[in-house]
Each structure stands twice: as C-alpha cells, then as structure tokens.
Amino acid sequence: MEEGKMDENEWGYHGEGNKSLVVAHAQRCVVLRFLKFPPNRKKSSEEIFQHLQNIVDFGKNVMKEFLGENYVHCGEVVQLPLEFVKQLCLKIQSERPESRCDKDLDTLSGYAMCLPNLTRLQTYRFAEHRPILCVEIKPKCGFIPFSSDVTHEMKHKVCRYCMHQHLKVATGKWKQISKYCPLDLYSGNKQRMHFALKSLLQESQNNLKIFKNGELIYGCGDARSPVADWRELAHHLKPFFFPSNGLASGPHCTRAVIRELVHVITRVLLSSSDKGRVSALRPGLWGPRVCEASPFSRSLRRQGKNTPERSGLPKGCLLYKTLQVQMLDLLDIEGLYPLYNRIERYLEEFPEQRKTLQIDGPYDEAFYQKLLDLSTEDDGTVAFALTKVQQYRVAMTAKDCSIMIALSPCLQDTSSDQRPVVPSSRSRLAFSVSVLDLDLKPYESIPHQYKLDSKIVNYYSKTVHAKDDAVVPTRLKESEDCTLVLHKV
Ligand SMILES: O=P(O)(O)O[C@@H]1[C@@H](OP(=O)(O)O)[C@H](OP(=O)(O)O)[C@H](O)[C@H](OP(=O)(O)O)[C@H]1OP(=O)(O)O
Ligand SMILES: Nc1ncnc2c1ncn2[C@@H]1O[C@H](COP(=O)(O)OP(=O)(O)OP(=O)(O)O)[C@@H](O)[C@H]1O
C-alpha cells in the first residue's frame with residue numbers, strides 16, 4: 001500500500017463476518033480485511049499486528065501445506081494511514097448490516113490484511129473485462145464424529161449442522177430450517193451434491209453468497225440481502241448459462257439456468273485443479289456416511305432405497321482436503337475437553353510455559369509438524385493433550401472456512417487462459433477455486449465449544465427428535481419429498 005495515496009473513496013464495503021470486515025478496491029482486484037472488536041474491548045496496536053501476522057503465518061505454514069498452494073491466498077499485513085481508516089470506517093458504516101454492528105472496525109491500530117479480491121480473481125491485481133460470477137460456500141462440518149468419547153448417541157446419527165439448525169431457528173437467528181446437509185455436499189455423489197446446492201440456493205443463510213463482477217447479487221440472509229428470488233438470480237446468470245433448451249424466459253428458463261449453475265458448481269467442486277503435493281493427513285476413520293436428518297436420505301429411506309454410497313471425493317479436490325483437515329478433530333469436543341483442562345492445570349502451575357507450548361503462535365514449520373501425529377493413545381502427558389488441542393483448533397478452522405468459486409467465460413483464444421475450464425451450455429467457463437477465512441480458532445474458545453455442543457444436542461434430542469418419534473406415521477404419509485420444487489416465479 002502506498003501510504004500517501006490511500007483514498008477512502010476508492011474503496012467500498014464488501015462484506016463482513018463475526019470477526020472481520022472487508023472492503024474492496026473499486027478498480028484493482030484487492031481487498032482490505034480489518035479486524036473487528038466489541039466496543040471497549042480494544043487491543044493494542046502491537047497485539048493487532050501480531051494477531052494479523054499469525055493469520056498470515058498460519059495460512060502459509062499450515063493451511064497451504066494441508067490444502068495446497070493454489071487454493072490458499074495468505075495475503076500480507078499492511079499498515080495504513082490512520083486518517084484513511086477513520087474516514088473509511090465512517091464511509092461504510094451505513095452499509096453494514098445491523099446484525100453485525102455489535103462489533104466495531106479496528107480504526108486505532110492502522111493494521112489490516114491485504115488480499116486478492118477472490119470475487120474478481122482473474123489475474124491478481126487487475127480486473128479483466130470479462131464478466132465474473134463468484135459463488136461463495138461455507139460448507140461447515142462434513143462428517144459425523146467417529147470418536148468413542150461421544151456420549152450422546154444422537155451425535156452418531158445426525159450431523160452437527162442439521163442439529164444446530166433447530167437451535168438457530170428457535171433462537172431467532174434464522175427463520176427456517178434449511179434442507180442443506182453438509183454430508184450431502186461432501187458425499188462426492190453428484191445427485192446428493194445437486195440436492196445440497198439447490199438447498200443452499202433455497203435457504204442460503206450465511207452458507208451461500210453469489211457475486212457478479214464483485215457485487216453481491218444473492219444470499220446473505222439479512223437486511224442487506226439484495227435478492228431472494230430465483231427469477232432475478234436467473235436473469236443475472238443468463239450471460240453465463242443461457243439454457244441449451246433454447247428458452248429465453250419464463251419458469252422453465254429459470255429452472256434450466258439454476259440447474260446449470262448447480263451442475264457447473266458440482267463439477268468444479270469435484271475437480272482437482274491443485275497440482276500441489278498430496279496432503280500428509282490420512283485420518284482413515286469414517287463415521288456414518290449419511291446424516292439421518294438430511295431430507296435427501298430420509299426420502300430415499302422412505303422409498304425403501306439405500307442411500308447412495310459416499311462415492312468418494314477425488315483426492316485432489318478442495319472439499320476432500322478440507323474434510324481431511326476437519327477430521328483432525330479425532331476425539332470430538334467431548335474427548336478433547338478433558339485434555340484442554342489438563343493443559344489449563346499445567347498452565348496454572350507453570351504460566352510461563354504458555355509461550356513454549358506455542359498456544360498463541362508462532363504458527364511455524366514446527367507447529368505444523370506436530371499436527372501430523374494422529375495417534376489417539378493418551379499417555380497422560382501434557383504433550384499429548386497439546387497436540388490434540390492444536391489439532392482440534394485447526395479442525396475447527398476448516399469447519400468454518402468458505403470456498404470461493406470464480407467463473408468467467410473463456411476467451412476465443414483460450415491459449416492465453418491458463419486456468420482450468422468447465423463446460424456449460426452457453427460457453428466454456430474458466431474457473432478458479434480458493435478458500436478463505438482460515439484464521440486459527442482461539443484456544444480460549446474450547447470451553448464455549450464444549451457448552452455449545454451440549455446445548456445443540458440437548459435441544460435437538462429433547463424437542464425435535466422427541467417430536468419426530470411421536471409423529472412418525474403422519475410424517476411418513478406426508479411424503480416430504482426431497483425432489484426440490486422450484487420457487488414459483
Ligand atoms: O459454532 P458455529 O458452528 O455456529 O460457527 C460459528 C459461525 O456460525 P454459523 O453456525 O456458521 O452460523 C459464525 O458465523 P456467523 O457469525 O454466524 O456468520 C462464526 O463464523 C463463528 O466463528 P468466529 O467465532 O467468528 O471465529 C463460528 O464459530 P466457531 O464455532 O467456528 O468458532
Ligand atoms: N479475499 C477476499 N476476497 C473477496 N471477498 C472476501 C475475501 N475475504 C473475505 N471476503 C468476503 O468477506 C466476508 C467476510 O470475511 P470473513 O469470512 O473472512 O469474515 P470473518 O469475520 O472472519 O468470518 P466469521 O464470521 O466466519 O468469523 C466473506 O464472507 C466474503 O464474502
């Protein structure tokens with residue numbers, strides 16, 4: 001960043017999550033990612049610099065190793081003029097969704113991360129003139145725990161996402177239960193993946209966003225949500241997926257365009273565009289292949305059909321790699337929590353050891369190497385507890401990251417385009433796949449995770465499952481078909 005040339009008018013609000021806020025440059029393909037904090041919980045400039053540097057180091061030394069060079073963009077920490085940050089903060093404030101305003105942008109340190117704008121990613125830094133479509137998916141945890149430490153039987157049957165949906169609706173976070181189940185998306189089975197993606201398109205919550213030329217056009221279920229209907233979405237998508245059946249408008253056209261999008265995204269998700277080395281992780285343990293709450297598998301069971309095999313994801317694809325990292329959570333929070341307590345007891349006695357244990361970094365090569373020990377034999381040591389705790393934090397990070405898929409029509413002269421290509425009915429689309437939000441989850445969040453896990457399972461077991469048992473015969477008759485009915489347009 002060139003200090004003297006920072007002009008807030010060149011930057012616009014792009015999006016935000018729970019912990020960071022992103023602004024995008026109007027011309028150049030870059031974004032600035034700022035940290036956010038609750039009011040009155042400010043950190044010193046040094047602490048913020050270190051926090052951001054840790055994020056970059058963790059991306060470089062750990063996530064690039066696990067997920068592959070091509071998928072991970074670590075960015076760099078930049079120092080900005082304080083006046084620029086202050087003016088920028090004022091400029092974007094009115095565009096922020098109300099639900100996110102419980103935290104303030106850090107305007108005091110002057111530090112931020114500079115990253116490629118993944119919604120416009122073609123060739124880093126300069127925007128091209130071809131239209132770009134970008135689909136962002138936050139797939140969440142794609143497996144059912146296999147750990148023998150799990151005490152709630154329900155956790156061996158229903159995935160965390162599907163259980164959590166009920167608590168989220170009960171607490172008013174979302175209005176409706178989604179039909180999306182991460183196990184369907186991670187199945188590698190095209191039919192299940194199509195169902196998962198259509199479900200995300202129906203009820204996006206914070207799991208799906210679509211950008212066109214860098215602008216949010218779909219998803220993000222809050223006040224800022226620009227469209228929620230498929231007809232308008234299909235209109236946006238036509239330049240990319242003009243239907244092969246020749247229909248230019250009407251419900252059939254909408255359906256055809258949405259179907260094309262789903263098929264193209266599935267193909268891209270199954271592609272192995274990464275040429276990096278094969279991941280060092282092979283947990284090898286699998287829980288059940290399906291989640292009992294997924295409407296897809298419930299519908300098949302009702303029809304007396306077996307759920308299709310988890311066809312298996314191709315080993316080089318990002319979903320496969322992400323799932324492997326998620327499965328570093330070998331013990332489940334129930335098995336992990338006592339090990340966290342072991343470390344806490346040790347730290348109470350030897351507080352000066354916190355640094356040696358690398359709890360707050362540095363996230364370097366040595367930190368990465370220790371993550372590769374997948375043994376689950378507890379020898380009672382702090383070293384064992386520490387390895388499992390660090391693996392858990394990394395796994396939780398992978399359970400909360402997002403995948404960005406950028407698509408743009410190929411030029412006539414494709415020799416200039418080095419990127420992989422996916423066919424669509426209108427043209428061939430060059431694509432790139434990236435992963436974002438790879439901030440290592442804090443050590444301190446483990447007690448919260450333990451409590452939340454129990455709250456999610458208890459709520460699901462007591463309310464939903466009990467109700468389910470009582471109404472099974474009626475529900476079966478109701479035939480809650482998993483064939484997705486398109487919204488009326
Ligand atoms: O606990 P979960 O599964 O609800 O995940 C949280 C996310 O909620 P979600 O369920 O995806 O809507 C949550 O997302 P939202 O703020 O709800 O959009 C955050 O990503 C949170 O991470 P962090 O605390 O900001 O690092 C996430 O917390 P972590 O558990 O990943 O730390
Ligand atoms: N490099 C990028 N290029 C384009 N858009 C980005 C980039 N990084 C983040 N975004 C956008 O900003 C949003 C918020 O970023 P991010 O997910 O990193 O926030 P967060 O606060 O860390 O999330 P969480 O709520 O999961 O903690 C993303 O959902 C994405 O739409």
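Fair warning: this is a prediction, and the values are worked out from it, not measured in the lab. Indexing begins at 1, ligand by ligand and atom by atom, following the structure's order.
- Counting all heavy atoms, side chain and backbone alike, Leu185 lies closest to Leu319 at O-CD1, 3.7 Å.
- Close contacts between ligand 1 and Arg100 involve ligand atoms 15 (P), 16 (O), 18 (O) [criterion: under 4.0 Å to a heavy atom].
- In this structure, a donor-acceptor pair under 3.5 Å is absent between the side chains of Gln449 and Tyr340.
- Near Phe211, meaning under 4.0 Å from any of its heavy atoms, are these atoms of ligand 2: 31 (O).
- Minimum interatomic distance between Ile359 and Ile343 (heavy atoms only, all atoms of both residues): CD1-CG2, 4.2 Å.
- Among the atoms of Val31, none of the N or O lies under 3.5 angstrom from an N or O of ligand 2.
- Summarising the geometry of Tyr218 relative to Ser204, their closest heavy-atom pair is CE2-OG, 3.6 Å, with the distance given to 0.1 Å.
- Heavy-atom distances between Pro116 and ligand 2 reach below 4.0 Å in at least one pair.
- Taking only nitrogen or oxygen atoms, main chain and side chain alike, Asp437 reaches within less than 3.5 Å of ligand 2.
- Between Trp174 and ligand 1, no pair of N/O atoms sits closer than 3.5 Å.
- Salt bridge present: Lys155 and Glu334 bring a charged side-chain N and a carboxylate O closer than 4.0 Å.
- Using a 4.0 Å cut-off to heavy atoms of Gly17, the atoms of ligand 2 that qualify are 14 (C), 19 (O), 20 (P), 21 (O), 23 (O), 25 (O).
- Relative ring orientation between His14 and Phe211 is described as parallel, the plane-to-plane angle staying below 30° on a 0-90° scale split at 30° and 60°.
- Leu118 N, 2.9 Å is the protein heavy atom nearest to atom 3 (N) of ligand 2.
- Short contacts between ligand 1 and His164, defined as distances under 4.0 Å to a heavy atom of the residue, involve ligand atoms 4 (O).
- Under the side chain to side chain donor-acceptor pair (under 3.5 Å) test applied with Asp360, the options Gln50, His51, Arg354 reduce to a single match, Arg354.
- Residue-ligand proximity, Asn206 to ligand 1, at heavy-atom distances under 4.0 Å covers atoms 9 (P), 11 (O), 12 (O), 14 (O), 15 (P), 17 (O), 18 (O).
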Practice prompt. Go through the steps for His194 and Phe296 under the test ring pair (Phe, Tyr, Trp, His ring centres under 6.0 Å), then give the verdict.
Written response: CA-CA 10 Å; His194 292 166; Phe296 185 91; over 10 Å; no
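- The main-chain N or O of Gly142 is found under 3.5 Å from a side-chain atom of Gln326 such that the two form a donor-acceptor pair.
- In terms of protein heavy-atom proximity, atom 24 (O) of ligand 1 is nearest to Asn18 ND2, 3.4 Å.
- With atom 1 (O) of ligand 1 as the reference point, the heavy atom nearest to it among Lys36, Arg160, Glu16, Met396 is part of Arg160.
- For the residues Asp453, Asp439, Asp400, the heavy atom positioned nearest atom 19 (C) of ligand 1 is part of Asp400.
- Under the 4.0 angstrom criterion for non-hydrogen atoms, Met404 is in contact with ligand 2.
- Contacts with ligand 1 closer than 4.0 Å are made by no heavy atom of His448, backbone or side chain.
- Residues satisfying the side chain to side chain contact (heavy atoms under 4.5 Å, CB included) test with Tyr450, not counting sequence neighbours, are Ile333, Tyr337.
- Atom 31 (O) of ligand 1 has as its closest protein heavy atom Lys441 NZ, 3.0 Å.
- Per-residue contacts place Lys138 under 4.0 angstrom from the following atoms of ligand 2 (heavy atoms of the residue considered): 26 (O).
- Considering both main-chain and side-chain atoms, Lys209 comes within under 3.5 Å of ligand 2 through a nitrogen or oxygen pair.
- Across the listed options Lys103, Lys19, Lys138, Lys138 owns the non-hydrogen atom lying nearest to atom 13 (C) of ligand 1.
- Taking 4.0 Å as the cut-off, Lys173 counts as a neighbour of ligand 1 on heavy-atom distance.
- In this structure, the side chain to side chain donor-acceptor pair (under 3.5 Å) partners of Lys138, at least two apart in sequence or on a different chain, are Asp400.
- Protein heavy atom in closest approach to atom 15 (O) of ligand 2: Val22 CG2, 4.0 Å.
- Residue-level proximity to ligand 1 for Lys140 is carried by the side chain, the only part with a heavy atom below 4.0 angstrom.
- Of all the heavy atoms in Val264 and Ser424, the pair that sits closest is CG2-CB, 4.0 Å.
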Worksheet item: Are Gln358 and Lys370 close enough, and set up right, to give a side-chain hydrogen bond (donor to acceptor under 3.5 Å, both in side chains), and what steps lead you there?
Response: CA-CA 11 Å; Gln358 285 186 272; Lys370 286 183 205 144; 3.2 Å; yes
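- Closest approach of Gly316 to Lys321, counting heavy atoms only: O-CE, 3.5 Å.
- Judged by the shortest distance from any of its heavy atoms, Lys168 lies inside the 4.0 Å radius around the atoms of ligand 1.
- For ligand 2, the atoms lying closer than 4.0 Å to a non-hydrogen atom of Asp400 are 26 (O).
- Taking a cut-off of under 4.0 Å to the non-hydrogen atoms of Gln449, the atoms of ligand 1 that pass are 29 (P), 30 (O), 32 (O).
- Checked by atom type, the side-chain pair Asp184/Ser294 shows a donor-acceptor distance below 3.5 Å.
- Using a 4.0 Å heavy-atom cutoff, Lys399 is absent from the residues neighbouring ligand 1.
- Looking at Lys19, Arg100, Glu136 and measuring to atom 28 (C) of ligand 2, the nearest heavy atom belongs to Glu136.
- Panel note: side chain Trp230, backbone Leu201; a donor-acceptor pair is recorded below 3.5 Å.
- At the top of the distance list for atom 5 (N) of ligand 2, counting protein heavy atoms only, stands His14 NE2, 3.0 Å.
- Which parts of ligand 2 touch Asn117 is read off a 4.0 Å heavy-atom cut-off, strictly below it: atoms 3 (N), 4 (C).
- Under the 4.0 Å criterion applied to side-chain N and carboxylate O atoms, Arg33 and Asp437 are assigned as salt-bridge partners.
- In terms of polar-atom proximity, Arg33 is counted as a contact of ligand 2, with an N or O under 3.5 Å from an N or O of the ligand.
- Applying the 4.0 Å criterion to heavy atoms of Leu452 picks out, from ligand 1, the atoms 1 (O).
- In plain terms, the two heavy atoms of Gln176 and Val169 that are nearest each other are C-CG2, 3.6 Å.
- Given atom 25 (O) of ligand 2, the protein heavy atom at minimum distance is Asn18 N, 2.7 Å.
- Looking at Leu436 next to ligand 2, no N or O pair under 3.5 Å apart turns up.
- By the 4.0 Å N-to-carboxylate-O rule, Lys212 lies too far from Glu232 to be salt-bridged with it.
- Taking only nitrogen or oxygen atoms, main chain and side chain alike, Thr119 does not reach within less than 3.5 Å of ligand 2.
- Protein heavy atom in closest approach to atom 20 (P) of ligand 2: Ser20 OG, 3.2 Å.
- Inspection of the Asn18 and Lys103 side chains reveals an N or O donor paired with an N or O acceptor under 3.5 Å.
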